[in-house]
Amino acid sequence: MNNVSLVGRLTKDPDIKYTQSGVAVCNFTLAVNRPFKNANGENEADFIMVQVWRKAAENAANFLKKGSQAAVNGRINTRHYENDKGDRVYVTEVVADFVQFLDPKPQGQGNQQGQQNYQQPQGQGGFQQPPNPYAGNTNTHGQHANQYGSVGGSFEVKDEDLPF
């Protein structure tokens, strides 16, 4: 079993690149707080490299930035390469299957405040965005209804509302 779940903040803006075949790959580092304090009573963090592929990579590059809070679910991946000096360099990183943006959208962007989920489908080369529960739905009377609130209302998620 190789499964990793992380919640943290980006240490810098995501870096997106494209393979020769045009597949997007986005890399960023996530700072994840340790659940305990050191001998000096200070919190420490681990800095974990994350790699995202395809449409989820483009979404991460477009919507995340330095300091953004994100949840990642994926797997540990190890690889190696030779650097300019001919030394073998080993890399351990998380390849994300699922990235959830935890920061609320800025004001003035409609009633879709809150979280966005971008999941990399298993075993497929494509991308499938899950349905947005915050987006308005049209009911039988032609009015827009929100699954979690009143008609046309907004929904705000605060950090203290999150279970983690």
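Since the model is a prediction, treat every value here as computed from it, not as a measurement.
- Residues Arg79 and Glu93 meet the side-chain proximity criterion, which asks for heavy atoms closer than 4.5 Å.
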Could you go through Asp103 and Arg9, starting from their C-alpha distance and side-chain angles, then the distance that decides it, and tell me whether this counts as side-chain contact (heavy atoms from CB on, under 4.5 Å)? CA-CA 10 Å; Asp103 290 332; Arg9 293 195 180 272; 3.8 Å; yes
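- In terms of heavy atoms, Ala24 sits closest to Ile16 at CB-CD1, 4.1 Å.
- Cluster annotation: Val25 and Val23 are assigned to the same hydrophobic cluster (Ile/Leu/Val/Met/Phe/Trp/Tyr, side-chain heavy-atom contacts under 4.5 Å, transitive).
- With values rounded to the nearest 0.5 angstrom, Glu82 atom CD is found 8.5 Å from Asp87 atom CG.
- The pair Arg34-Asp46 counts as a salt bridge, with a side-chain nitrogen and a carboxylate oxygen less than 4.0 angstrom apart.
- Note that CE of Met49 and OG1 of Thr29 are 6.5 Å apart. Values are rounded to the nearest 0.5 Å.
- Judged purely by atom type and a 3.5 angstrom limit, Asn40 has no side-chain atom pairing as donor or acceptor with the backbone of Glu42.
- At least one donor-acceptor pair closer than 3.5 Å links the side chain of Asn2 to the backbone N or O of Ile76.
- Cys26 approaches Pro14 most closely through the heavy-atom pair SG-CB, 3.4 Å.
- In terms of heavy atoms, Val72 sits closest to Ala96 at CG1-CB, 3.6 Å.
- Atom-to-atom distance recorded for Asn27:CG and Lys17:NZ is 7.0 Å, nearest 0.5 angstrom.
- With Asn33 contributing its side chain and Ala45 its backbone, the two residues share no donor-acceptor pair below 3.5 Å.
- Within a 6.0 Å radius of CG in Asp84, other residues, nucleotides and ligands contribute 12 heavy atoms or fewer.
- Of the charged side-chain nitrogens involved, none lies within less than 4.0 Å of a carboxylate oxygen, so that Glu44 and Lys37 do not count as a salt-bridged pair.
- Closest non-hydrogen pair, Val7 versus Ala71, comes out as CG2-CB, 3.9 Å.
- Contact of the Trp53 side chain with the Thr19 side chain is registered, since non-hydrogen atoms from C-beta on lie closer than 4.5 Å.
- Distance CG/Asn73 to CG/Asn3: 5.0 Å, rounded to 0.5 Å.
- In plain terms, the two heavy atoms of Phe47 and Ala31 that are nearest each other are CE2-CB, 3.6 Å.
- Here Glu58 contributes atom CD and Phe63 contributes atom CZ; the two are 11.0 Å apart, rounded to the nearest 0.5 Å.
- No donor-acceptor pair under 3.5 Å is formed between the side chain of Asn77 and the backbone N or O of Val95.
- Note that OG1 of Thr11 is 9.5 Å distant from CZ of Phe28, once rounded to the nearest 0.5 Å.
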